[in-house]
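A short write-up of the structure that comes next.
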Amino acid sequence: MSINSKNYFEIFSLQENFDLDLDRISAEYKNLQSQYHPDKYSDADDATRLHALQSSSIINDAFNTLKSPLRRAGYLLIINGVDPEENNQNHLTEDFLLQQMSWRDILDDATQDENLNTIELLKQEVVEEHQNCIIEFQDFANAFNFMEAKPIYNKLQFVEKMLDEINRSEEKILDY
Amino acid sequence: MALLNISEPGQSPRRKQDSKHALGIDLGTTNSLVASASEGGPFIISDSKESALLPSVVAYSNDENILVGQAALKSNEHISSVKRLMGRGAGDIKHELSYTLVESESSGMPLIETPVGLKSPVEVSAEILKVLAARGAKHFEKEVGNEEEQKEIEGVVITVPAYFDEAQRQATKDAARIADLNVLRLLSEPTAAAVAYGLDKKLEGNVIIFDLGGGTFDVSLMHLEKGVFEVLATGGDTALGGDDFDRTIMQWIKTESKIEIKQNHLAELSTCARNAKHDLSETDAVEVNFADWSGELDIGKYYQFIDPLIDRTIKACRRVLRDASMSIEDITDVVMVGGSTRSPRVQEKVQDFFKQPLLNELDPDQVVALGAAIQADILVGNKYDSDLLLLDVNPLSLGIETMGSLVEKIIPRNTTIPVSRAQEFTTFKDGQTVMSLHVLQGERELVEDCRSLAKFELRGIPPMVAGAAVIRVSFQVDADGLLSVEAEEQSSGVKSSIVVKPSFGLEEKEIESVIRASHSEAEHDRDLRRLKENEVEALRIIEATDSALAQDAELLDADELKAIQEGLISLQESLKSADADLIQQQSEALNELSVTFAARRMDSQIKSAFKGKKLEEVDR
């Protein structure tokens with residue numbers, strides 16, 4: 001079967017599982033690219049070169065999707081018939097929204113004061129929440145309960161966005 | 001067992017007469033080089049005077065004579081460092097030049113005043129490429145000897161700074177077209193250097209390639225393992241190099257001597273500064289003489305001048321480590337590339353930052369060209385080392401303008417290429433039938449802070465209420481780092497696509513007119529050449545299709561087979577017509593018919609290669 005007609009888990013010969021072995025997919029990624037990369041077909045005809053370009057692009061996207069917990073979670077929802085973006089804010093609890101706001105306040109103040117210690121503490125807290133989301137998502141996904149897994153995915157989206165903002169603040173203060 | 005005989009590509013014995021001619025070209029800001037590779041390894045091709053470096057300098061004169069390299073340096077009106085103008089707008093050029101620029105009214109491109117009229121930076125670069133290619137051709141002539149076996153140069157790999165953006169890459173590729181060269185690949189300079197170093201020194205692990213040339217700076221963090229060269233993150237500055245070191249000394253001379261310097265003295269002043277810079281790599285103080293003035297520059301003062309520049313390179317190194325989520329302890333080797341890494345101060349600062357000795361055993365001027373030659377040899381099909389796999393990244397994020405002059409990133413920087421990614425957008429007015437798309441490159445959030453790559457429109461969207469149309473915008477970046485964009489309205493299937501031709505680039509018709517001018521041929525000759533080219537291409541396709549059918553016809557069902565056979569006959573018929581357009585049309589038609597066939601053949605070959613491997617393992 002051609003790369004184009006497989007899903008990302010099939011491309012890497014994996015079960016459709018949230019939990020996966022990153023070292024193994026890294027090795028398989030290089031193996032796949034060494035078969036499909038356009039450089040391997042540079043002297044072939046146009047049609048073959050086009051197929052190599054498309055296949056190699058798909059393999060890259062598959063690898064990036066599987067590597068990232070957030071993207072992998074979203075992809076699992078899609079292939080199980082759940083639209084990850086539908087009403088993506090409706091399921092968030094009030095507690096979580098309040099926590100979000102408090103995180104943002106802490107970050108804004110700490111960024112203003114260039115207080116790296118506070119930012120580091122906040123980061124630890126958010127990373128912990130990130131871990132929790134992943135474990136929760138995994139439990140639902142393992143039970144094939146994707147309707148329940150979806151709100152966790154939406155929560156994870158917010159947590160990752162928060163982490164991005166924390167990193168950006170850090171970079172600003174440390175002059176990257 | 002038959003399957004055991006499937007040899008890995010490259011393991012089959014290589015016959016000398018089968019090898020094709022390919023070149024690796026390092027088109028540098030101050031110097032350029034050309035290299036090739038054979039069974040013995042890669043090697044630099046020198047000119048008749050045994051000089052490896054070709055100064056990237058061009059001089060045009062009234063008698064239509066074009067001088068390149070050392071010869072051009074002797075001319076008073078030579079054009080240097082043209083690489084810094086590639087893919088830039090006239091307004092981007094901030095530094096002083098020893099020649100005069102005129103802004104092109106049509107494209108905003110900076111054009112250079114020469115005795116024979118205005119020349120674009122792309123055309124000037126093409127002159128350098130032509131001389132390098134001629135060096136290569138001469139070398140192959142000597143090597144083969146026998147005139148009947150002379151073969152043309154099949155293709156070249158040209159290196160570009162990793163941090164070159166879309167416009168700069170496209171400009172480089174255009175220059176190659178004008179020089180009549182078939183570009184197999186644009187390869188990032190640090191990646192090329194890693195290939196040469198990695199193979200020669202058997203490097204493995206997380207390697208920093210610190211590449212400081214005459215005009216550009218790149219730093220790449222790569223993971224090297226079993227022939228796979230994977231770029232993890234890259235950073236740099238396409239306007240930072242040894243030239244800037246010279247410029248600080250020039251500024252010092254100007255201030256100290258109080259001589260008013262006219263444009264025609266700039267070349268002399270720059271030579272004077274460069275010599276002082278070189279001397280300061282060896283001694284603690286130099287006497288500088290310019291016109292009737294003389295003064296002493298000591299190393300302390302010189303370091304004050306250049307330290308801020310070097311600090312910018314260190315900052316880029318920190319950024320790259322962070323992008324790859326690594327720390328200094330994770331780095332196994334630091335490789336120094338580019339002539340400016342000969343500066344003891346640069347070495348000292350880089351070594352201090354990475355806290356480990358630097359690798360600089362290979363000539364820092366040559367490694368990039370050598371790596372490019374290895375890649376060229378593989379791509380042309382000689383399979384110098386077929387296990388080699390280069391996984392490069394796009395250096396800058398690519399995105400699209402959205403409401404409020406914001407940039408929505410579609411492909412973030414440091415994504416492994418080739419890559420394709422799509423994003424859905426919608427209309428914001430009721431009954432909107434046209435959507436304009438503005439493609440941008442850069443890291444900042446506002447449109448005005450990013451580089452504009454192209455604008456195009458999707459027309460014919462069926463009128464719907466605002467927000468109802470679904471417009472899917474797909475980005476495809478190929479292995480050269482070049483982008484094409486397609487937009488499609490999902491419910492109606494209305495499509496619009498462009499291969500991005502960046503702003504400040506040459507228009508297709510301009511390139512063709514330059515090519516024609518350089519071939520100085522009559523219209524009749526041109527038509528003949530086109531017919532000839534189309535015929536050769538058609539024959540190539542016929543041959544490829546015939547052999548594919550002979551091997552794998554069983555992969556097609558009866559209808560598909562019939563369609564391809566009919567396409568073949570139509571193409572063969574068209575060859576009798578001597579009609580260039582018809583031949584091209586039939587060639588494209590047959591190519592189109594072969595897409596699925598090619599995909600199936602590739603997949604089935606890969607499958608059988610896997611099978612062969614597993615059996616070998618069992619045998620052991």
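Residue numbering restarts at 1 for every chain, and letters A, B, ... go by the order of the sequence lines. Model, not experiment: these values are computed from the prediction.
- The 12-atom threshold is exceeded at CZ of B:Arg540, counting heavy atoms of other residues, nucleotides or ligands nearer than 6.0 Å.
- Heavy-atom minimum distance, A:Ala52 versus B:Met602: CA-CE, 3.7 Å.
- Between A:Tyr41 and B:Leu379, the closest side-chain pair of non-hydrogen atoms is not below 4.5 Å.
- For the options B:Leu184, B:Leu390, B:Asp478, B:Leu391, heavy-atom pairs under 4.5 Å to chain A are most numerous at B:Leu391.
- By the neighbour-count criterion of 12 heavy atoms within 6.0 Å, atom CD of A:Gln124 is densely surrounded, having more than that number from other residues, nucleotides or ligands.
- For B:Arg601, no part lies under 4.5 angstrom from a heavy atom of chain A.
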Given A:Asp175 and B:Lys315, is the side-chain contact (heavy atoms from CB on, under 4.5 Å) satisfied, shown in steps?
CA-CA 9 Å; A:Asp175 188 29; B:Lys315 196 171 163 183; 3.0 Å; yes

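- Atom CD of B:Gln551 has more than 12 neighbouring heavy atoms from other residues, nucleotides or ligands inside a 6.0 Å radius.
- Residues A:His37 and B:Ala479 come closest through the heavy atom pair CE1-CB, 4.4 Å.
- Looking only at atom types and distance, the side chain of B:Asp323 has no donor-acceptor partner in the side chain of A:Tyr176 under 3.5 Å away.
- Neither the backbone nor the side chain of B:Arg600 has a heavy atom closer than 4.5 Å to any heavy atom of chain A.
- Contacts between B:Glu592 and chain A at a heavy-atom distance below 4.5 Å are absent for every atom of the residue.
- Rounded to the nearest 0.5 Å, atoms CG (A:Asn60) and OG (B:Ser420) are 9.0 Å apart.
- A donor-acceptor pair under 3.5 Å is absent between the side-chain atoms of A:Asp45 and the main chain of B:Asn591, judged by distance alone.
- Both the backbone and the side chain of B:Arg319 come within contact range of chain A, with heavy atoms under 4.5 Å apart.
- Listed here is the closest heavy atom pair of A:Lys40 and B:Leu388: NZ-O, 3.0 Å.
- Taking the side chain as every heavy atom from C-beta outward, B:Val228 and A:Ser34 never approach each other to under 4.5 Å.
- Checking B:Gln476 against A:Ser57 by side-chain atom types alone, a donor-acceptor pair falls below 3.5 Å.
- At a threshold of 4.5 Å between non-hydrogen side-chain atoms, the residues B:Gln605 and A:Thr48 do not count as touching.
- The side-chain heavy atoms of A:His51 and B:Phe597, taken from C-beta on, include no pair separated by under 4.5 Å.
- Of the listed residues B:Val477, B:Val419, B:Leu593, the one with more heavy-atom pairs under 4.5 angstrom with chain A than any other is B:Val419.
- Counting only heavy atoms from C-beta outward, the side chains of A:Asn64 and B:Thr415 approach each other to under 4.5 Å.
- Heavy atoms of B:Thr545 lying under 4.5 Å from chain A are absent altogether.
- Of the charged side-chain nitrogens involved, none lies within less than 4.0 Å of a carboxylate oxygen, so that A:Glu171 and B:Arg318 do not count as a salt-bridged pair.
- Side-chain contact between B:Glu230 and A:Gln33 is absent, with no heavy-atom pair separated by less than 4.5 Å.
- Contacts of A:Leu174 with chain B are made by both backbone and side-chain atoms, with heavy-atom separations under 4.5 Å.
- Counting only heavy atoms from C-beta outward, the side chains of A:Asp39 and B:Ile378 never approach each other to under 4.5 Å.
- Enclosure of atom CZ in A:Arg104 by more than 12 non-hydrogen atoms of other residues, nucleotides or ligands within 6.0 angstrom is indicated.
- Within 6.0 Å of the CD atom in B:Glu445, the count of heavy atoms belonging to other residues, nucleotides or ligands does not exceed 12.
- For the atom pair A:Leu53 CG and B:Ser484 OG, the distance stands at 8.0 Å (nearest 0.5 Å).
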